[in-house]
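Only one structure is covered here, and it is reproduced in the block below.
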Amino acid sequence: MTDASTPIIVGRDIGPQAPGARPDDDLLEGLNPQQREAVTYRGQALLIVAGAGSGKTSVLTRRIASLLRGREAWPSQILAITFTNKAAGEMRERVEHLVGDSSRGMWISTFHSACVRILRREAEHFGFTKSFTIYDSGDSRALIKRLVKEHEADAFGLTPAATQSKISRLKNELADAESYARSANMSDPAERVFVELFGAYQRELQKANAFDFDDLIAQTVFLFRAFPQVADVYRRRFRHVLVDEYQDTNHAQYALIHELTRPPGSDAAPLAASGGMMIFEPEPAAEEGASLTVVGDSDQSIYAFRGADIRNISEFEKDYPGAKVVLLEQNYRSTQNILSAANAVISHNFDRKDKKLWTDVGAGEQIIGFTGYSQHDEAQFVADEIEALRRGGVDYSQMAVFYRTNSQSRALEEIFIRSALPYKIMGGTKFYERAEIKDALAYLVAVANPADEMAMRRIINRPRRGIGDVTIETISRYAADQQITFRDALANSSALGVGPKIQAAIAHLDAVLAEASEIMLPSSGELAPPTAVAEGLTLLLNKSGYYDALRASKDAQDEARIENLDEMVAVAREFARNNPEGTLLDFLTEVALVSDADDLEDASGSVSLMTLHTAKGLEYDAVFVTGVEEDLIPHRISAGEPGGPQEERRLFYVGITRARKRLYLSLAMTRAQFGEVTVAMPSRFLQEIPGELLHWRQSPGDVNSRGGTQSRALNARRGSGSGSGFGGSGGGRRYGDDLVPLARREQSGNLERFANKIPAKVRDNGDLELAPGDRIRHDDFGEGRVDAVTGEGAKRVAHVRFDSAGPKKLLIKIAPITKL
DNA sequence: GTTACACCTATTTTT
DNA sequence: TAGGTGTAAC
């Protein structure tokens with residue numbers, strides 16, 4: 001839902017409200033009673049249980065606005081935490097919309113950026129400097145990889161991946177190497193090696209003046225616990241803490257919130273540790289902890305595998321006695337049919353508080369089910385249906401296709417390309433994970449944080465300078481001997497005892513870094529201009545020879561790399577425009593904490609393809625959930641995990657509740673995976689949807705009876721009446737109730753014909769010329785007449801009306817067609 | 001330092 | 001099956 005109709009109230013007036021004014025009136029406009037309560041309730045702790053599409057962002061932003069307008073809080077006393085930058089940005093925008101300038105000074109940010117802000121200020125308390133680097137998972141994987149090798153840990157079954165995920169899990173539980181060692185079974189050699197690795201990893205991070213993602217949270221908690229007087233500064237400052245998506249918090253995040261909302265001065269005497277100043281706050285007068293508002297929906301918890309602990313929300317009332325709970329069940333997004341299906345599915349999860357979404361917009365369309373013979377058949381259905389919706393006036397950008405695993409996107413893509421359907425894959429390869437972008441950032445990090453050896457190691461031979469492992473180790477040893485950083489060792493290239501060519505290369509790199517440093521962090525101490533980052537980056541890329549090496553390359557990919565780097569420089573310029581005061585560190589922080597998931601919506605004019613996980617928080621007029629099969633959703637691997645199948649059900653629930661008006665559930669009877677074709681069974685979740693809500697265009701039974709491959713699950717439940725269950729098996733009904741048979745089903749009903757119909761090889765029709773009126777034959781669709789041809793060159797599209805398959809758009813260059 | 005081949009492993013991933 | 005990674009040989 002949206003609050004676009006809310007009038008803008010600009011809160012220029014800083015003085016108290018005029019007597020008798022009702023500052024909340026417009027904020028409550030259009031809200032239902034529960035939403036009003038969530039906005040206006042005042043107390044120490046409030047839990048808003050917000051079902052999907054129940055307007056929680058609206059409630060949260062209005063609650064903040066109401067605190068500000070009522071003069072109950074200064075902006076600086078508000079801390080609102082989300083999980084994504086996108087959510088934070090949206091929330092900030094909407095609060096600004098409501099209260100204007102008086103929102104300035106609020107902290108509306110992600111867990112991670114809030115912690116970075118705190119850590120940059122306080123890092124000196126525990127052996128870091130404020131210019132610390134942030135390691136993303138790729139960086140920490142690289143470091144762990146090196147350590148695993150050094151410790152020869154793979155011999156104990158400790159792969160880099162396993163080690164990384166175990167360390168991450170432990171950090172999310174606030175365990176460090178020492179505390180873990182105490183509880184671990186140290187007679188197990190693998191455990192001993194792991195503890196060693198964990199400790200070594202942590203020491204390396206400290207040495208590099210770096211935090212990994214998990215550290216950002218965990219170290220902030222440790223900081224607060226070790227230095228209560230530091231914690232009190234923030235406890236006094238933030239009087240209102242609000243947390244979005246609370247069901248996704250892990251233990252460390254939970255602890256962070258807990259620390260922040262404790263009454264100030266409540267800690268025992270400060271630790272007599274680490275030479276910091278002892279500041280005793282002589283204020284025994286009972287101060288209250290900040291008021292805490294959390295919003296969440298345990299039915300949408302889908303990140304348990306990453307450490308999210310559903311108990312944080314389900315036991316909120318225990319953690320915060322006297323907490324008020326508000327339940328938002330009215331849904332403003334979907335039709336009742338969609339909601340009823342969602343309710344029915346999720347109600348199969350035991351151990352959950354009952355919650356039923358409802359709407360007053362009416363039943364809406366039935367949910368459409370479809371069973372394809374193969375994943376390509378399924379994809380073709382999706383493509384056809386998308387085209388039909390488009391002709392019916394639905395914009396491509398209002399349609400989305402979801403799948404459980406990324407690999408499923410391929411079949412969809414193949415068909416979409418052939419159908420000339422504009423699509424965009426969300427959350428695919430990430431810009432900031434590309435090698436050249438990581439290189440560029442490493443150059444910047446080398447300037448910003450000379451202690452970061454990882455960054456130095458990354459760039460020292462990129463572009464190739466003839467510096468290999470041997471030289472790197474020489475430098476590393478020299479640095480250790482001289483007790484200087486790796487970076488500083490470069491300045492003494494002549495003392496390293498390496499060949500003249502290599503020595504010159506090192507000296508050159510050193511000079512380039514120094515020059516860039518002078519631009520971005522002037523030694524004169526004066527402030528660098530905002531454009532310094534972009535300039536410095538350009539200088540680094542040019543003078544290091546990075547650009548030249550790419551330009552000289554004949555690899556076609558390197559051209560794209562240059563474009564990506566140009567884009568990176570553009571990002572730096574953009575940053576300078578938006579943050580005139582922004583420093584190099586600010587830029588690196590932003591880049592480290594921003595992911596491309598944050599620009600999800602820029603898919604204008606295309607259909608969005610994404611995993612079910614990525615779909616959370618989004619909504620579309622028409623939603624296709626594909627691959628609704630056993631072993632896919634629920635995924636087979638989840639079966640063995642405690643709570644796995646239930647989390648899968650929530651995932652399916654999340655998918656269903658993204659749809660506003662139309663929902664399609666599809667599956668394929670066969671799926672090519674790992675080189676072989678497997679026969680799929682319909683997902684158990686399909687059977688949890690009441691039959692009258694779901695209309696099968698082609699049910700599993702239809703496909704089954706014609707394909708001849710009996711599958712046990714299909715007959716587990718017989719249809720009763722109109723479109724119930726899977727129905728149709730036994731050959732009674734060949735097609736769905738009102739389905740016009742498609743041409744390819746006419747040709748033959750046998751499975752092999754359809755399984756993996758689309759070969760991997762790409763067909764090329766060359767310059768096949770087509771004009772309106774031409775007759776063509778298509779391998780799948782049969783004969784048809786060309787209505788029109790649009791597009792240019794390789795992207796020419798034929799609009800064809802097939803005799804029996806109906807209208808289609810085809811990419812002429814690659815469609816399996818011949819002119820008649 | 002680069003290339004080629006063999007090998008391994010295939011959920012989800014807000015930061 | 002396919003893609004990515006690691007090692008060995010040139």
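Proteins get letters first, then strands, A, B, ... in listed order; numbering begins at 1 in each. Owing to the predicted nature of the structure, the values given are computational and were not obtained by experimental measurement.
Using a 4.0 Å cut-off, some side-chain N or O of Thr611(A) falls inside it from OP1 or OP2 of dT13(B).
Under the salt bridge (Lys or Arg N to Asp or Glu O under 4.0 Å) criterion, Arg457(A) pairs with Glu453(A), Glu473(A), not counting sequence neighbours. Take Gln503(A) and apply the side chain to side chain contact (heavy atoms under 4.5 Å, CB included) test, not counting sequence neighbours, and it matches Ser493(A), Ser494(A), Val498(A). Applying the side chain to side chain contact (heavy atoms under 4.5 Å, CB included) rule to Arg636(A) yields the partners Asp631(A); only residues at least two apart in sequence or on another chain are considered. Residues passing the salt bridge (Lys or Arg N to Asp or Glu O under 4.0 Å) test with Asp452(A): none are found, sequence neighbours excluded.
Taken from CD1 in Ile302(A) to CZ in Arg650(A), the straight-line distance is 9.0 Å, to the nearest 0.5 Å. Within the model, atoms OH of Tyr423(A) and OG of Ser608(A) stand 12.5 Å from one another, a figure rounded to the nearest 0.5 Å.
Anti is the classification of dT12(B), since its glycosidic angle lies more than 90° from 0.
If you check every strand for non-hydrogen atoms under 4.0 Å, Tyr303(A) touches a base. Residue contacts shown for Ile633(A) are absent, as no nucleic acid heavy atom lies under 4.0 Å away.
As a whole-Å value, the separation of Met610(A) CE from dT13(B) C1' is 15 Å. Rounded to an integer number of Å, the gap from CG of Leu651(A) to P of dT14(B) is 14 Å. In this structure, Asp244(A) atom CG and dT14(B) atom P are separated by 16 Å, rounded to whole Å.
If you look at Phe128(A) and Phe211(A), their ring centroids are closer than 6.0 Å.
Phe685(A) and Phe652(A) have parallel rings, their planes meeting at less than 30° on a 0 to 90° scale where 60° marks the start of perpendicular.
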Show me the protein contacts with nucleotides 8-11 of chain B, counting only N or O atoms at under 3.5 Å.
residue, atom, partner, partner atom, Å
dT11(B), O4', His635(A), NE2, 3.4
dT11(B), O4, Glu641(A), OE1, 3.3
dT11(B), O4, Glu641(A), OE2, 2.8

Please list, for nucleotides 6-10 of chain C, all pairs of protein and nucleotide N/O atoms separated by less than 3.5 Å.
residue, atom, partner, partner atom, Å
dG6(C), OP1, Lys145(A), NZ, 3.3

